[in-house]
Chemist: 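I'd like to ask some things about the structure below.
Letters A, B, ... mirror the listed sequences (proteins, then strands); counts begin at 1. Any value given below was found using the heavy atoms of this structure, including those in side chains, with hydrogens, waters and symmetry copies removed.
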Amino acid sequence: MLRVENLSKNWKEFRLKEVSFKVGSGEYFIILGPSGAGKTLLLETIAGIFKPDLGRIFLEGRDITNEPPERRGIAYIPQNYGLFMHMTAYENIAFGLKLRKFQREKIREEVEKIAGILEISDLLGRNVKKLSGGEQQRVAIARALAVKPKILLLDEPFSNLDPNLKGRLMREMKNWRKELEFTAIHVTHSFEESIVLGDRVGILINGEMKQVGEIREVFSKPENEDVAKFLGHENILEGVADGRSLNINGIRIELPQKACGKIRIVIPPESILISKNPLVTSARNNFRAIIHGIEELGAIIKLKLSIGENLLSAYLTKASFVDMNLSEGEEVFISFKATSIHIFE
Amino acid sequence: MRDYFSIFLALVGSFLFLYILLPITLILSFQILDLGSIIKALKDERVLNSLINSVTTATATMLLSLIFGVPLGYLLARKNFFGKNFVQSVVDLPIVIPHSVVGIMLLFTYSEAILDNYLGIISAMLFVSASFTVNSAREGFIAVEEKVEFVARTLGATKSKVFFTITLPLAMHSILTGAIMTWARAISEVGAILIVAYYPKTAQVLVMDYFNNYGLSTARPIAVLLILMSFTLFLILRRVASVKS
C-alpha cells in the first residue's frame, strides 16, 4: 500500500535518516518514538507538505515523491486537529467533498453518514470554535475520512485529551476502523495507544527507524539496545560470551543460542521468577539475589535486585508480594529461562 | 483596605482620556447651541463637495491599500526572502516622515501627474496610510496556523484555493481592521495633501482654508461635520468588519 524507501530530510532541528518501512492495506501502523524523534516531520513528508532530501515514497505502487499533497489521496490530522475555525462542523467535513465537485445532495448525504458513525450528527451546525476537545477531534476525523483517503495520517491524536476520554476514543477508533476500513499511520509516544490500536509498529528514534514489526514482536524482542531502552527494558546486561554461556561480572548466564565475544542481552523483567526458597525448575539460570528496592506500580510491584554487582528488575503481582512477605535487604532466589533472553548483535 | 495603587493609576490614566475627550465634547456641544450655522454649512456647495471628495479619496485609498497591501502582508508573514527586513522597514517608514516632507517628495517624484488632482490626493493618502493595512494583514496571516493550510492541501485544495478559502477568511478580521485604520488615517491627512493637491478641495483642507480666511467660528461647523461624518463611517466600517468575521 504505502512504501517509504530511504527517506532522508533535514528540517530545522529535526532530521530523518534513511527511513524505510511499508504499510499494508487496511493496516493500522504505529510510529512510536520519543519526542523530537522526527515523527511529525516523517508524517508531513509522507503527506507531501515537505519534499524529502533523498528517498522515495510509493502509494499503491505509484511513485508520489514529487506529487503535491492535494493529489496524493492522503489525509492528515495534525496534533491540534487543524480545524477550519471560521466554519461550522458541517462545512469542515464537507470541505474536501466540495473540492471534488460533488452534488450538494451527495455532499449532505456523505457528511451525515460519516457524522452518524462518529456520533457528531447533533454538532454539525455548530461553529467548531465552540466544541470541546473530544468533539473537535471527531470532526477532524470525520473531515479526513469523508474524502475516503487511501491512507489516514494521525499525529498524536489523543495527546490533548483527558485520560477518560482518551480511553473511550481509543475503543471507538477500533470500531470506526472496522466500520470504515481505512488504512492509518498513527504517530505517538504512548505505549498504551500502540498496544491497543496498532497492528504493526515502527520505532523511530533520532530520525532513524530502529525496528519495524508486529507490535508484540517489537515489544517483546527489541532488536537493539536503543529500542530496548526506549521500550523500558531495564535489564540490559553486557558480558563476554563463549558458546552457550555469558560471563557478566563473575556470574554465568546460560544463553538461548551460541554467541561469541562481547555482547549485550536483555532479560525481560516479567520473565524472572522469584522465590524465598531454592527453586526446583528446569531453568538453568538460578541465582541468589538481594532486594534493595521495592516500588509499587498499581497492582504490580517492581523489585530491584542485585546479583553480585549486577542490577536487575523483576515484577511481581501485589498478591504474591504480600504472600511472600518480602522486605528490603532480604535474600531471594531468582530464576529465568534461557529462552526468554534476547541477544543484541 | 483601599487599593490606593489602583486609584493612583486611575487618576493618572484618566488624564489622556479626558484630554482627548474634552475638545471633541466641547466643539460638539457648542455646535448644538448653534445649529443654524451647521445648516448653513450644509447648504454651502463647496462644503458638500469637499466632504464628498474626502470620503471618496479616503475610500479609494483604502481599496488600493487592500489590493496591494494584502499580497505584501502575506509575503512578509509567510516567506523568507533576501531583504525582507528592508522591505518591512520601508513599509513602516512613512510613520516617521513629517507629512509636509511626504508632500514635497511626492511632488518631486511625480510632479505634474499628481499636482492638484484626485490622483494627487490619493497618492498622498496612500503614502501615509498604507502601512496600517500591510501590517495588519501580515499579523492576520501570521495568526493563521500553517498546519491548517496543510490540512486543506491534503483534502484536495491547491495553494491558491487554500489561500482564498482558508487563509484569507481566517485573516479577514485583522485585514479589515487594518483597512479601517488606513481609511481613518487617510481622511485625517492634511499636510501632504496641502502641498500636492490643494485642489480639488477636501474637507480637511477646506477647514483650514475657512479658518485662514474667515476665522474660527466659520471653520467650526465644517470641522464638526467632518468629525461627525468620520465617526459615523468609522463605526459603520467597524461593524461591517466584525460581522464579516
Chemist: For the interface with chain A, which of B/Glu146, B/Glu145, B/Arg153 has the highest count of heavy-atom pairs at distances below 4.5 Å?
Modeler: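 Ranked by heavy-atom pairs under 4.5 Å with chain A, first place is B/Arg153.
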Chemist: Examine whether an atom of A/Tyr76 lies under 4.5 Å from a heavy atom of chain B, and if so say whether it belongs to the side chain, the backbone or both; otherwise answer neither.
Modeler: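 Both parts, backbone and side chain.
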Chemist: Establish, from distance only, whether the side-chain atoms of B/Gln88 and B/Asp92 form a donor-acceptor pair under 3.5 Å.
Modeler: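 A donor-acceptor contact under 3.5 Å links the two side chains.
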Chemist: Aromatic rings B/Tyr74 and B/Phe163: how do their planes relate, parallel, tilted or perpendicular, breaks at 30° and 60°?
Modeler: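 Taking B/Phe163 first and then B/Tyr74, their aromatic rings stand perpendicular (interplane angle over 60°).
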Chemist: Measure up the A/Tyr28 and A/His186 rings against each other and bin them: parallel (under 30°), tilted (30 to 60°), perpendicular (over 60°).
Modeler: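 Correct class here is tilted.
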Chemist: Counting only heavy atoms from other residues, nucleotides and ligands, does the tally under 6.0 Å from CZ of B/Phe81 exceed 12?
Modeler: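 Yes.
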Chemist: With a 4.5 angstrom heavy-atom cut-off, which part of A/Arg143 approaches chain B: side chain, backbone, both or neither?
Modeler: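 Both parts, heavy atoms under 4.5 Å.
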Chemist: Would you mind checking which part of A/Gln79 comes under 4.5 Å of any heavy atom in chain B, side chain (CB onward), backbone (N, CA, C, O), both or neither?
Modeler: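 A/Gln79 has no heavy atom closer than 4.5 Å to chain B.
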Chemist: Nearest 0.5 angstrom please: A/Glu156 CD to A/Leu161 CG, how far?
Modeler: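 Answer rounded to 0.5 Å: 11.5 Å.
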Chemist: Just checking, is any N or O donor in the side chain of B/Thr61 or B/Trp183 under 3.5 Å from an acceptor N or O on the other one?
Modeler: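 Note: B/Thr61 and B/Trp183 side chains miss the donor-acceptor criterion.
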Chemist: Heavy-atom pairs under 4.5 Å with chain B are the metric here; pick the option from A/Ile77, A/Asn80, A/Leu153, A/Leu97 that has the most.
Modeler: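 That would be A/Asn80.
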Chemist: Using non-hydrogen atoms and a 4.5 Å limit, figure out which bit of A/Ala144 sits close to chain B: side chain, backbone, both or neither.
Modeler: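 For A/Ala144, the contact with chain B is made by the backbone alone.
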Chemist: Tell me, for A/Ile74 versus chain B, whether the close heavy atoms (under 4.5 Å) come from the side chain, the backbone, both or neither.
Modeler: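 When you check distances to chain B, only backbone atoms of A/Ile74 fall under 4.5 Å.
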